[in-house]
Amino acid sequence: MMRQYELVDRVRRYNPQTDEATLNRAYVYAMKAHGAQVRASGDPYFSHPLEVAAILTDMKLDDATIVAAVLHDTIEDTDSTREEIDRLFGADIGRLVDGLTKLKKLDLVSKRAVQAENFRKLLLAVAEDVRVLVVKLADRLHNMRTLDYVPQDKRTRIAEETLDIYAPLAGRMGMQSIRDELEDLAFRHLMPEAYAMIAARLADLRDKNGRIIATIESELAEELAAREITATVEGRQKQPYSVWHKMERKSIAFEQLSDIFGFRVVVPTVEDCYRVVGVVHTKWAVVPGRFKDYISTPKQNDYQSIHTTVVGPGRQRVELQVRTEEMHEIARFGIAAHALYKDHRVADRGTLTTESRAYQWLRRTINLLAEGDTPEEFLEHTKLELFHDQVFCFTPKGRLIALPRGATPIDFAYAVHTDVGNSAVGAKINGRHAPLVSQLQNGDEVEIACAEAQVPPAVWETVVITGKARSAIRRATRDARRAQYAGLGRQIVTRAFERASKPYSDEKLKSALPRLARTSIDDVLAAVGRGEMFSGDVVKAVYPEFMEERKASPPRPRGEAGWFGLKKAASLVFKVPGGEENPRSIPIRGLDGDLPVRFAPNGGAVPGDRIVGILTPGEGITIYPIQSPDLTQFDEEPDRWLDVRWDIEDGHRALFPARLALTAINEPGTLGMIATVIGDHGANIDNVVIRPLSADFRELVLDVEVYDLKHLTSIISHLRARPVVSKVERVNG
Ligand code: MN
């Protein structure tokens, strides 16, 4: 087990300003906390956090990360608490340890189906502090290294999870060396036979080609030395897992793999990199199409190197990677290396803020996740495809919000909080104003502008794609509509009490609630507004002794746009063959029976139209087809709008008003022909206005009475079929 001074030494080697006292305190604290606990291997448990910390010292991480690694299992596995850690080591370290505790709990969830969710939570943790994830990966690496001691079933689960989640994550964080090792360890446990087979063949190959490798290595070293280029040349061999993965992915045999061997040349400067490439290309034949300059054009995860493949001795293809020390660190440690460089810059000022640079890097990385042109190295891992249908966006404070692909800022707002969604009036995407219905992209930073007392427009329901947003909008519009009905109901109820000459008060209505089988005043008012409850019944519920005397409505003349009372309406509108009056009233649901009703004065409405009722206080209700442009004048008065529906059966014989505008050739017989078409359809012409358009054309405005929309449409199409008719349109206002 690593000694206390050894840990401090390891850190001091790369960070002379390390806070030794804190490191020592963490060592002692964790050792005491874990006490006599032992691992499956029989080792003292405390050896595990120490090894994790050691892995992180290889990556030269800052003090807070190392201390967090030493403490990472204390809250979960011992009597330690977050408060105690905060008090002893400060809130920064407390937060890191707390994050690791949360991640550890996620490990308990092992079903494949929930791993996507798991992973997203991991990302959320990253958004808080990337160091949590770096420690987590080191933790997993040490657990994988010691997996042999764990029981078989648990071992398989851990290895699968490593391959599905942690290795790709390490890859995405640019931590290539950790990814390689995790993959190889998992592969060895999951498929021991395949692993053994490939490892044996690799060893075999190494033996056979050993001489060639040695030749290349020494020739290269010689050439570079002759040019006074200081370089480290190391031969490298593909890992068993990546060989196996490539064989699987490309369905090829081991023998067909061409790039099992390679060399890595690490030099001090970028200039040296290009000089090395010059030497290599002069000495050996270049394989066309394999030269890639990731130094001038880094990969999106900041990877830099020059790749080239040459034909070496024995016509053996050899891949070379040429890079500087710094590039090498980034290639191996990725995000951890970034944090390191950031540290060096800020260390002088005595503060440790590793987050901002790493955070930007992470944001770019997340960007890569779901995009179509993801670099192929990211696509190798099938689990990533789980995230192709998601976008990851940020709040201005850096909170990560995962949404389905195609989500809008409205979805985002509801994901942040229902209140934010309900009061959203605008959005900024990456600092620029954008429509609330825009499609969000990976990595977008979204800021929502809110206004108080907003009701989300009902149309949003068709725009959003998350269930949460949709149900919240539905709820909010339903509440708003209910308030609207309650407002209307109050008017109707107040009028009913006036008519009955009885005083109204909310208190009186409240005491009558049980009689109405409702639980609140609003309930009653909304029911009346909606037309589900008769206002007279409310009066009777409050004044049970009240006997309603129905007074006949005063007869009104039937003018062109005449109001008609309810009973009158029945006799006027419902012309039934045989002269009988339809005993029902207006065939529309949602009306208060006591209010006069009429159809829209400029065009009417027919069954089949979607309709809306507009209340004119003191006058009555006008039924408009929803497409009527006249409705815009009531836009600002939502409490005048009534939700109404037709209540009429197919095959009825009642007639309803509609208006048509025709353009027809001005010749004898035109009007007669039009009248015949309409008459043949069994419809009635109420009124005709003829206006000259030109010498040859006339415009006719016809008020007709039809059974329903289908009837009207049929008349329109028959009129259009006549050669003298050039245009027929329905008119609404
Ligand atoms: Mn651990």
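Order of listing sets the numbers, starting from 1, for every ligand and every atom in it.
Distance check: Q321 CD to M327 CE gives 12.5 Å after rounding to the nearest 0.5 Å. How far CG of D148 is from CZ of R155: 6.0 Å, rounded to the nearest 0.5 Å. Between the CZ atom of R140 and the CZ atom of R145 there is a distance of 14.0 Å, given to the nearest 0.5 Å.
Classified by interplanar angle (parallel below 30°, tilted 30° to 60°, perpendicular above 60°), the ring pair Y45/H48 is perpendicular.
In terms of modelled atom types and a separation under 3.5 Å, the side chain of D411 and the main chain of T408 share a donor-acceptor contact. Formation of a donor-acceptor pair under 3.5 Å by the Y14 side chain with backbone atoms of L61 is found in this model.
Protein contacts to the Mn ion (ligand 1) involving N, O or S atoms at a distance below 2.8 Å are H48 NE2, H72 NE2, D73 OD2, D139 OD1.
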